[in-house]
Amino acid sequence: MAQARPYYADRGLSAAFYDVVTAADARLAGDVDVYAGLAPPGSSVLELGAGTGRVTFALAERGYAVTGIDIAPAMLEKAQARLAALPAEVAARVELRRGDMTTLDLKRTFDLVICPYFTLAHVPAGAAWRNTFATAARHLRTGGLAAFHLPLLEIMRMPGPPPEMVVMDQPLPGGGRLNLHVLERTFREGVGRLDQVIDYVERDAKGAVVRRSAERLTYYLADPEPLAASAGLLQDREPIPLGGVGEVRVFRKA
Ligand SMILES: C[S@@+](CC[C@H](N)C(=O)[O-])C[C@H]1O[C@@H](n2cnc3c(N)ncnc32)[C@H](O)[C@@H]1O
């Protein structure tokens with residue numbers, strides 16, 4: 001099998017085509033509305049794992065002041081390019097920084113902390129989750145909310161499709177196409193860990209392969225409630241279902 005790069009690696013195709021893939025992913029529809037429903041426009045928001053700014057910029061367009069942090073330079077580079085193209089009035093409400101959500105300390109607080117699209121599941125459940133909840137608590141005003149979008153266990157359990165199957169086929173500017181295949185999918189329920197290798201294949205208008213990159217993504221799953229509580233974050237409401245594959249867990253800083 002092809003050697004797999006880590007997800008969102010520099011020169012990897014998961015970062016290069018992140019916006020193409022998420023724009024086509026109906027399972028994310030409505031997530032920005034969920035986060036916007038947790039605090040009024042004008043509120044300050046910290047996004048942990050902001051990626052290329054999909055949620056950051058959508059919230060800034062609605063009037064929120066958003067600080068987005070991410071660990072991956074390839075994702076931040078795309079976010080900076082998108083930021084430069086925003087109207088000045090919207091861009092003025094955005095700050096992007098490189099940072100690790102398990103250790104971040106900006107020495108300020110926000111009205112709302114969000115961690116969309118399974119980002120918490122990218123770090124191992126246990127100490128890294130506990131530290132991320134501590135980061136959220138450290139950056140929240142008393143009474144502020146923290147929202148974490150997490151995958152459902154039943155989705156983790158689903159078997160992978162055959163590797164030759166194209167699971168996503170999207171048009172690219174210039175007439176080419178992006179095809180995705182799942183080369184590997186292994187869920188170890190006992191340890192709450194899903195390993196996937198996704199093959200990104202960029203084709204030209206005639207179908208010839210231009211670039212391809214097999215990339216490994218690991219998701220970790222656990223009950224977030226006790227880990228959040230250890231950081232002083234208490235469950236605020238019932239989980240909010242999102243896209244049939246995940247739910248947003250909302251906690252309040254006591
Ligand atoms: C699935 S993307 C979500 C991006 C964006 N929030 C969205 O909803 O489109 C996950 C992001 O989390 C980032 N990430 C993973 N581990 C991180 C960490 N320890 N600290 C900060 N960012 C991290 C990745 O680099 C990636 O950009």
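Order of listing sets the numbers, starting from 1, for every ligand and every atom in it.
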Provide, to 0.1 Å, the distance between [atom] and the closest protein heavy atom, together with that atom's residue and name.
atom                    : value
atom 10 (C) of ligand 1 : T119 OG1, 3.2 Å
atom 19 (N) of ligand 1 : D100 OD1, 3.0 Å
atom 7 (C) of ligand 1  : Y18 OH, 3.2 Å
atom 20 (N) of ligand 1 : M101 N, 2.9 Å

Taking distance alone, with no angle check, do [X] and ligand 1 share an N/O pair under 3.5 Å?
X    : result
I71  : yes
V123 : no
H122 : no
R54  : yes

Regarding [atom]: of the candidates [options], which has the closest heavy atom?
atom                    : options             : answer
atom 13 (C) of ligand 1 : L104, D25, T56, D70 : D70
atom 1 (C) of ligand 1  : F118, Y7, Y8        : Y8
atom 5 (C) of ligand 1  : G68, G49, P116      : G49

For ligand 1, the portion of A50 having any non-hydrogen atom under 4.0 Å away: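 It is the backbone that gets close, since no side chain atom is under 4.0 Å.
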Qualifying residue for side chain to side chain contact (heavy atoms under 4.5 Å, CB included) with E215, from L13, D199, L183: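 Single side chain to side chain contact (heavy atoms under 4.5 Å, CB included) partner of E215 among L13, D199, L183: L13.
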Below 4.0 angstrom from a heavy atom of [X], which ligand 1 atoms are there? Numbered from 1 as shown, please.
X   : value
G51 : 4 (C), 27 (O)
A72 : 25 (O)
V55 : 8 (O)
E47 : 5 (C), 6 (N)

Step-by-step side chain to side chain contact (heavy atoms under 4.5 Å, CB included) determination, F187 to L153: CA-CA 10 Å; F187 182 47; L153 177 61; 3.7 Å; yes
Lys/Arg N to Asp/Glu carboxylate O, D33 vs R62, below 4.0 Å: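 Here D33 pairs with R62 in a salt bridge, since their nearest N and O are under 4.0 Å apart.
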M168/Q170 under side chain to side chain contact (heavy atoms under 4.5 Å, CB included): CA gap, chis, key distance, verdict: CA-CA 6 Å; M168 184 175 275; Q170 284 301 309; 3.8 Å; yes
Plane angle bin for F148 and F251 - parallel if under 30°, tilted between 30 and 60°, otherwise perpendicular: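 Taking F148 first and then F251, their aromatic rings stand perpendicular (interplane angle over 60°).
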ILVMFWY cluster membership beyond L38 - transitive side-chain contacts under 4.5 angstrom: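 Members alongside L38: V32, V34, Y35, V45, V55, L59, Y64, V66, L112, I114, L145, I240, L242, V248, V250.
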Heavy atoms from other residues, nucleotides or ligands near CZ of R237 exceed 12 (cutoff 6.0 Å):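 For R237, atom CZ is crowded (more than 12 foreign heavy atoms under 6.0 Å).
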E164 atom CD, neighbour heavy-atom count above 12 within 6.0 Å: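 Enclosed: over 12 neighbouring heavy atoms sit under 6.0 Å from CD of E164.
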Spatial distance of atom [atom1] ([X]) from atom [atom2] ([Y]) [nearest 0.5 Å]:
X    : Y    : atom1 : atom2 : answer
E225 : L233 : CD    : CG    : 11.5 Å
E47  : C115 : CD    : SG    : 8.0 Å
L46  : R97  : CG    : CZ    : 10.0 Å

contact_flag G99 ligand 1 heavy-atom lt 4.0 Å: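 Distance cut 4.0 Å: G99 passes for ligand 1.
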